[in-house]
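Have a look at the structure below before the remarks.
Just so it is clear, the values below take in all heavy atoms, side chains as well, and ignore hydrogens, waters and symmetry mates. Residue numbers begin at 1 in each chain, while the letters A, B, ... track the order of the sequences.
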Amino acid sequence: MALSISPTLSSPSPPPSPSSTNGAAAHAHPLLPYLDLAHYSIQLKQIHAQALKFPPHPHLLLLHSRILHSISLSGDVLYSLRLLLHPFPPLLPTSFSFNSLIRSFSRSPSLKPLSLQLYLQMLLLSLSPDNHTFPFVLKSCAFLSSFSFGSQLHSHIVKLGFSSDIYILNSLVHFYSSCARLSLARRLFDRMPLKNRVSWNIMIDGCVMCGEYETALELFRDMQSQFSPDAYTMQSALCACAALGALSLGMWAHAFVLRKCDASVQNDVLINNSLIDLYSKCGDIVMARRVFDEMPQRDVTSWNALILGLAMHGQVEDSLLAFVRMIADVEGDKLRPNSITFIGVLSACNHGGLVTEGRKYFASMVDEFGIKPQLEHYGCMVDILSRAGHIEEALELVKNMNCKPDVVIWRSILDACCKRNAGVEFSEAVAKRALESELVATSGVYVLLSKVYASANRWNEVGLVRRLMSEEGIKKEPGCSSIEIGDGIVHEFVAGDSSHPKSKEIYEKLNEVECKLVMAGYVPDSSQAPLVAEVDGVKCESLRRHSERLAIAFGLISTKSGATIRVLKNLRICRDCHEIAKLISKLYCREIVVRDRARFHHFRDGSCSCMDYW
DNA sequence: GTAGGGTTAG
């Protein structure tokens with residue numbers, strides 16, 4: 001009996017070119033062409049209802065599979081799941097129907113765990129996974145970082161003879177790098193009998209995800225002998241350059257997009273967003289703004305990147321103005337801020353010390369925009385309050401948080417206790433909470449606690465902290481600064497470094513600088529370096545060797561007069577180096593840009609863009 | 001019917 005569509009059914013217009021991949025049998029049924037239109041989910045359900053009204057039909061099994069597949073594509077995964085588990089009339093589950101559902105589940109963040117369950121269910125029903133099954137399940141494993149599940153899948157793949165399927169291999173490489181097993185991913189990648197552009201993109205992105213930026217860029221170069229980069233490739237390359245923070249490298253990557261990529265890549269929103277981020281992170285906020293102004297289309301992330309970039313560079317007013325422009329729809333972009341927008345806005349308030357505005361934006365995020373604050377928002381807010389001296393209010397906020405405070409939040413408060421001399425006992429209590437909330441012990445809290453003791457002149461306790469650290473095998477992260485000189489070569493310095501070939505000249509320059517500074521009235525401030533003081537014996541000597549100072553001195557002797565000196569530092573810049581950089585910028589007529597762990601400092605004519613609030 | 005893309009507190 002032929003199925004017919006009832007007159008009351010609101011059927012979609014027939015597709016322009018009915019297609020099916022299931023061979024002649026698929027074409028045999030008049031309903032099948034409609035089923036490819038996955039987005040007609042209501043109509044699909046109506047077709048399904050019609051199909052159920054009729055007695056079993058020779059094509060019903062096929063029809064059921066196709067309905068399930070198409071509905072799962074339309075996004076109504078729960079309907080598909082019901083269809084699979086409670087089919088009426090009884091439907092024999094097939095690998096195809098399971099694959100359809102596993103795919104739907106692998107695309108939804110909250111349902112990904114269920115796709116692993118479905119895979120197991122498939123095995124229990126003695127259905128054989130095929131070449132389509134594994135990419136979907138591996139995608140879920142990658143997202144969930146389920147290393148053990150994915151490794152077992154790898155064994156199944158080998159056992160079932162799929163080890164040379166390029167889709168499966170690419171999915172495996174992606175899975176291993178998502179689980180931070182980069183060497184496993186790389187081994188698999190290197191041994192692939194055949195690689196395509198996607199294989200390279202996955203491997204490059206894997207390196208970026210795992211922080212292997214130089215390797216990512218090496219692979220990027222290697223890839224080009226076989227494939228031209230696409231938007232995915234460039235996205236990863238730009239991200240690697242941004243993380244390395246070297247401006248000339250970033251400019252090279254931008255030039256690459258402009259010269260070697262077609263218009264679709266150049267106009268890609270994600271690529272342009274990455275360029276805004278790249279220039280912000282490489283210290284050129286003017287170029288970041290230019291990319292933003294000139295990009296053909298913008299989305300929320302474009303605005304977020306601009307707001308965050310401006311905040312990071314201390315252009316607080318412009319950052320908040322960008323937020324106002326964004327919500328006022330001045331550009332006609334019709335965008336609503338998301339939770340990350342508020343990270344940017346609160347971060348701007350924090351860098352500018354704007355407590356009242358910070359409170360206002362935090363409240364409006366919840367009341368006006370209905371965004372539930374996350375740990376990161378509380379982190380910003382606690383930092384805004386405590387750095388401005390409102391430590392009690394910060395603690396009150398922590399008490400009322402909807403999530404557990406992490407070590408970052410406690411460290412913010414401890415940092416404020418330290419800077420504002422909140423009292424040793426109080427600070428000790430905060431340090432205790434910070435240490436308790438730390439999953440893996442790091443040096444940060446100990447360093448702050450030692451500063452608390454140092455500012456109270458309790459040197460015995462400073463020694464005690466040091467002993468505790470060494471007993472627990474915790475080492476202070478060494479300060480490290482880098483500077484890129486003209487030709488793109490990056491020179492790296494650690495505190496007290498004398499390994500650079502030009503070390504002698506660097507220290508001579510440093511002596512010259514300090515003589516000039518002393519004559520200009522500079523007095524060293526060693527209050528922030530209690531731990532180093534003990535190591536080196538003499539405080540002022542240790543301050544003189546801070547890595548950022550060596551990098552700036554090297555910049556002075558290696559770049560032409562008047563050129564901007566750009567330095568990257570892994571830790572926060574100390575107060576004394578900050579003071580020195582301001583004076584150097586004036587005495588030597590140089591702009592000095594320092595990116596430290598938290599933000600950019602632009603030193604110009606004796607003052608800093610952070611207005612000494614950091 | 002199959003693989004790969006972004007921004008986030010200190």
Side-chain angles (χ1 to χ4, degrees), chain A residues 20-22 36 38 65-66 68-70 72-73 95-104 106 130-139 142 162 165-175 177-178 196-206 208-209 230-236 238-239 242 268-277 280-281 299-309 311 338-344 346-347 350-351 373-384 386-387 406-416 444 448 571-572 596-599 614:
Chain A
S20 173
T21 51
N22 282 20
D36 282 334
S65 280
R66 299 287 295 153
L68 188 137
H69 176 70
S70 300
S72 67
L73 270 180
S95 295
F96 180 89
S97 49
F98 264 91
N99 286 351
S100 300
L101 221 59
I102 290 174
R103 171 173 55 181
S104 303
S106 73
D130 62 19
N131 54 324
H132 292 276
T133 319
F134 291 108
F136 305 139
V137 192
L138 283 167
K139 187 194 179 94
F162 290 117
D165 182 296
I166 195 161
Y167 282 85
I168 294 178
L169 284 171
N170 285 347
S171 302
L172 273 171
V173 173
H174 178 237
F175 155 72
S177 23
S178 299
N196 59 14
R197 198 201 311 257
V198 177
S199 324
W200 284 91
N201 286 350
I202 289 173
M203 193 64 243
I204 292 170
D205 196 50
V208 174
M209 277 195 293
D230 62 8
Y232 285 85
T233 329
M234 289 319 297
Q235 168 78 29
S236 306
L238 292 171
C239 189
D268 189 303
V269 180
L270 262 72
I271 292 291
N272 280 290
N273 291 348
S274 298
L275 283 169
I276 300 172
D277 192 50
S280 297
K281 288 186 177 150
D299 64 4
V300 186
T301 308
S302 325
W303 286 94
N304 290 353
L306 182 74
I307 293 167
L308 279 159
N338 62 16
S339 71
I340 298 177
T341 317
F342 281 95
I343 303 275
L346 293 173
S347 169
N350 195 10
H351 290 314
Q374 298 160 357
L375 190 62
E376 289 85 348
H377 299 109
Y378 285 114
C380 286
M381 206 54 223
V382 166
D383 207 46
I384 291 175
S386 51
R387 270 172 13 131
D406 65 351
V407 63
V408 176
I409 286 185
W410 288 116
R411 216 161 45 202
S412 281
I413 301 174
L414 182 59
D415 194 23
L448 285 173
L571 306 174
R572 298 287 293 266
D596 76 5
R597 180 171 260 182
R599 61 172 296 156
W614 85 97

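A donor-acceptor pair under 3.5 Å is formed between the side chain of A:His377 and the backbone N or O of A:Ser339. Here the side chain of A:Arg572 pairs no donor or acceptor atom with the backbone of A:Ala598 at under 3.5 angstrom.
Within 4.0 Å (heavy atoms only), A:Ile340 reaches at least one base atom of the nucleic acid. Within 4.0 Å (heavy atoms only), A:Ser171 reaches sugar-phosphate atoms of the nucleic acid but no base atom. A:Leu375 comes within contact range of at least one nucleobase, with a heavy-atom separation under 4.0 Å. Within 4.0 Å (heavy atoms only), A:Asp383 reaches sugar-phosphate atoms of the nucleic acid but no base atom. Residue contacts shown for A:Asp596 are absent, as no nucleic acid heavy atom lies under 4.0 Å away. Using a 4.0 Å heavy-atom criterion, one finds that A:Ala231 contacts the bases of the nucleic acid, with or without backbone contacts as well. Counting non-hydrogen atoms under 4.0 angstrom, A:Tyr378 reaches nothing in the nucleic acid. When heavy atoms are screened at a 4.0 angstrom cut-off, A:Ile271 is found touching base atoms of the nucleic acid. Backbone-only contact: A:Ile202 has heavy atoms under 4.0 Å from sugar-phosphate atoms and none from a base.
For A:Asp406 against B:dA9, a side-chain N or O and a base N or O form a donor-acceptor pair under 3.5 Å. At a cut-off of 3.5 angstrom, counting only N and O atoms as typed in the model, there is no donor on one side facing an acceptor on the other between the side-chain of A:Asn350 and the base of B:dG10.
Residue side chain A:His377 fails the stacking definition with respect to B:dA9, as its ring centre and the base's six-membered ring centre are not both under 5.5 angstrom apart and under 30 degrees in plane angle.
Side-chain N/O atoms of A:Asp299 and A:Ser302 include a donor and acceptor closer than 3.5 Å.
Contact check, A:Arg572 against B:dG10: no side-chain N or O comes under 4.0 Å of OP1 or OP2.
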